[in-house]
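Worksheet: the structure to be examined is printed underneath.
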Amino acid sequence: MTAEVTSTQVHRPHPEHVVGTSLLYPHSRGFPGGVWTSGFVAAHAGQIRGYFDEPGLTTRCTVILSGSCSMSAGGKTYSFATSDLILANTSPESFTFENSAEFSALEIHIPTRLLDQMNMATPSGLAVRSVGVQDPVLRTARQLFSSLLVASRASFKTTPADALVGYGLAMTVVGYAFAQDKEHATRWTEDTAEGLNAAKQALLARFDHAPTINQLAALSGMSLTRFKELFRERFGCAPFALYQAHRMERACQLLQDHNVTETAMELGYSNVSHFSAAFQRQYGCSPGQWQRLMRLKSKP
C-alpha cells in the first residue's frame, strides 16, 4: 500500500513508539537557525506518494547511507544509491518516492537565508554526486545519523551540549557538501551527469552479469577515456569497483535467507571460491563467518 503524505508531516517530531518504524517516521531533530535533520530507516522496500508543501526557502542536503531509492517529481525521475550526495531546493510539487530494502539516509534542511548569510550559493535544481568511503561528508553524515538514533531513545536525555554537537555535525556536512560541489561545478553539464547516471543504472541493474566498459561508455555518449575519467570523479571509484561494492552489499542481503552456494549462483559466480574470496576482500571475513555473526547478533 502506498502512503499519501505531505513533506511537513514527515519532517516533524513523532511519538517515541513509532520513530524509526518506517520512512514516514524518521528520527528527526531541530537545531538553531531553523536547521532540521532527519534520519530515515526502512528495513523493507516501500513507496511514498505525496506533496512538497514547504515554502521554497529551504535547501535539502541528503546523503544515502545504505540501499537505493528513486524519486519522481517535476516530470523527471531520479535514481540514487549508497554514498550518493544530493543537494536540492524545495518547491511545491507532487512526488513519488520508492526505496529498496535495508534503506537508510540522512537529510538536512537548511534555510536559504542562513546560506545567504554565509555567502553560499544555493543549487539550481538538483545536483547529485557519489562520495568515497573516506570522504568527510559521508563520515560526518554517519556520525550525525547515529546521534539522531541515540537521541530518539526514551532513556536518553539530551543536553544543550548534545544539541551543540549535533548542530556542529549538521553544519559540517553542509559545509563539506557545498565546498566540494563548488569545486566540481565547472566539470559538469546536465547531459554529462545524465549520461553518467544512465551508465550507473545500467551497471547496477543486475548482479549476475555486468555490462562491459565499452557498452557503458557508449550508453553515456562519451569516449572510453573520458567516460572512465569522469565516472571515477563523479562516483569516487572505477565502474567495476562500484559494481563489486553493490554486488557484495546484495550478497549480505541474500545470505540472510540463502546458503553460500545459492548466493554465489544468484550473483552469477560459477565458482563458489571466487565469490568467497571477493566477499573476504570486501568485508574481511568469509560469507560463512558473516552468517554466523549475524545469527549471534539476532539472538535475544
Side-chain angles (χ1 to χ4, degrees), residues 1-7 9-11 22-26 38-54 59-109 123-131 137-138 141 145 177 181 188 190-208 210-211 216 219-221 231 234-237 239 242-243 245-247 249-250 252-254:
M1 182 177 179
T2 302
E4 301 279 352
V5 297
T6 62
S7 55
Q9 290 176 322
V10 174
H11 295 280
S22 75
L23 293 186
L24 296 179
Y25 307 109
S38 293
F40 293 90
V41 182
H44 306 290
Q47 184 182 82
I48 296 175
R49 183 179 294 115
Y51 188 80
F52 289 119
D53 60 345
E54 302 154 277
T59 294
R60 295 171 180 244
C61 176
T62 307
V63 183
I64 309 301
L65 300 176
S66 65
S68 60
C69 62
S70 64
M71 186 183 74
S72 298
K76 292 186 177 182
T77 298
Y78 306 91
S79 296
F80 310 113
T82 304
S83 300
D84 276 352
L85 168 67
I86 306 109
L87 290 173
N89 288 325
T90 57
S91 59
E93 60 185 343
S94 299
F95 70 89
T96 300
F97 182 90
E98 296 185 45
N99 65 279
S100 69
E102 305 300 329
F103 175 79
S104 64
L106 172 75
E107 186 162 288
I108 302 172
H109 290 197
S124 57
L126 182 147
V128 57
R129 70 177 188 278
S130 282
V131 294
V137 172
L138 189 58
F145 181 81
D181 185 63
W188 306 102
E190 186 172 346
D191 288 343
T192 300
E194 288 182 356
L196 289 170
N197 286 338
K200 179 184 176 183
Q201 285 184 322
L203 178 67
L204 303 180
R206 50 187 292 188
F207 294 116
D208 60 340
L216 293 173
L219 181 61
S220 70
F231 189 99
R234 185 171 182 81
F235 301 120
C237 60
L242 183 69
Y243 176 78
H246 285 270
R247 196 184 194 189
E249 183 178 303
R250 175 60 179 157
C252 289
Q253 297 173 359
L254 291 171

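The first residue of the sequence shown is numbered 1, and numbering continues consecutively from there.
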Checking Val5 against Tyr51 for the side-chain contact (heavy atoms from CB on, under 4.5 Å) test, could you report, in this order, the C-alpha distance in whole Å, the side-chain angles of both residues, the deciding distance, and whether it holds? CA-CA 7 Å; Val5 297; Tyr51 188 80; over 6 Å; no
If you apply the rule side-chain hydrogen bond (donor to acceptor under 3.5 Å, both in side chains), what do you find for Ser66 with Ser104, and how did you get there? CA-CA 5 Å; Ser66 65; Ser104 64; 2.7 Å; yes
Can you measure from CG (Leu87) to SG (Cys61) and round to the nearest 0.5 angstrom? 5.0 Å
Are any non-hydrogen side-chain atoms of Leu24 and Ile48 less than 4.5 angstrom apart? yes
The reported gap from CZ in Phe80 to OG in Ser100 (rounded to nearest 0.5 angstrom) is 13.5 Å
Compare all side-chain heavy atoms of Cys69 with those of Ile64 and state whether any distance is below 4.5 angstrom. yes
Where is the tightest heavy-atom contact between Leu203 and Pro211, given as atom of each residue plus distance? CA-CG, 3.9 Å
Just verifying a value: how many Å separate Ser220 OG and Glu194 CD, rounded to the nearest 0.5 Å? 12.5 Å
Any donor and acceptor pair, going by atom type alone, linking the side chain of Asp84 with main-chain N or O of Ser68 inside 3.5 Å? no
So Phe235 and Leu196, side-chain contact (heavy atoms from CB on, under 4.5 Å) or not? Walk me through it. CA-CA 9 Å; Phe235 301 120; Leu196 289 170; 4.1 Å; yes
Please check this pair: side chain of Tyr243 against backbone of Phe207, looking for a donor-acceptor N/O pair closer than 3.5 Å. yes
Could you go through the side-chain hydrogen bond (donor to acceptor under 3.5 Å, both in side chains) check for Ser70 and Glu98 one step at a time? CA-CA 5 Å; Ser70 64; Glu98 296 185 45; 4.7 Å; no
Determine, step by step, whether Lys200 and Leu242 satisfy the side-chain contact (heavy atoms from CB on, under 4.5 Å) criterion, reporting the C-alpha distance in whole Å, the side-chain angles of both residues, the deciding distance to 0.1 Å, and the verdict. CA-CA 9 Å; Lys200 179 184 176 183; Leu242 183 69; 4.1 Å; yes
Please determine whether side-chain contact (heavy atoms from CB on, under 4.5 Å) holds for the pair Thr62 and Ile108, giving the CA-CA distance in whole Å, both sets of side-chain angles, and the decisive distance to 0.1 Å. CA-CA 6 Å; Thr62 307; Ile108 302 172; over 6 Å; no
Could you grab the distance from atom CZ of Phe52 to atom OG of Ser94, nearest 0.5 Å is fine? 9.5 Å
Which distance, rounded to the nearest 0.5 Å, do you find between the OH of Tyr78 and the CE of Met71? 7.0 Å
Using the test salt bridge (charged side-chain N to carboxylate O under 4.0 Å, His left out), find all partners of Arg250 that sit at least two apart in sequence or belong to another chain. none
Using modelled atom types only, decide if a donor and an acceptor are shared between the side chain of Thr82 and the backbone of Leu65 within a distance under 3.5 Å. no
Residue pair Phe40, Phe103: steps toward the ring-ring contact (aromatic ring centres under 6.0 Å, His included) verdict: CA-CA 8 Å; Phe40 293 90; Phe103 175 79; 7.7 Å; no
Between Ser38 and Glu107, is a side-chain hydrogen bond (donor to acceptor under 3.5 Å, both in side chains) present by the stated rule, with each step listed? CA-CA 5 Å; Ser38 293; Glu107 186 162 288; over 6 Å; no
Report yes or no: do Ser72 and Thr96 form a side-chain donor-acceptor pair below 3.5 Å? no
Grab the two heavy atoms, one from Glu249 and one from Gly67, that are nearest each other, plus how far apart they are. OE2-N, 3.5 Å
Correct closest heavy-atom pair for Arg129 and Ala177 would be NH2-O, 3.6 Å
CG of Leu23 to NE2 of His44, rounded to nearest 0.5 Å, is 11.5 Å
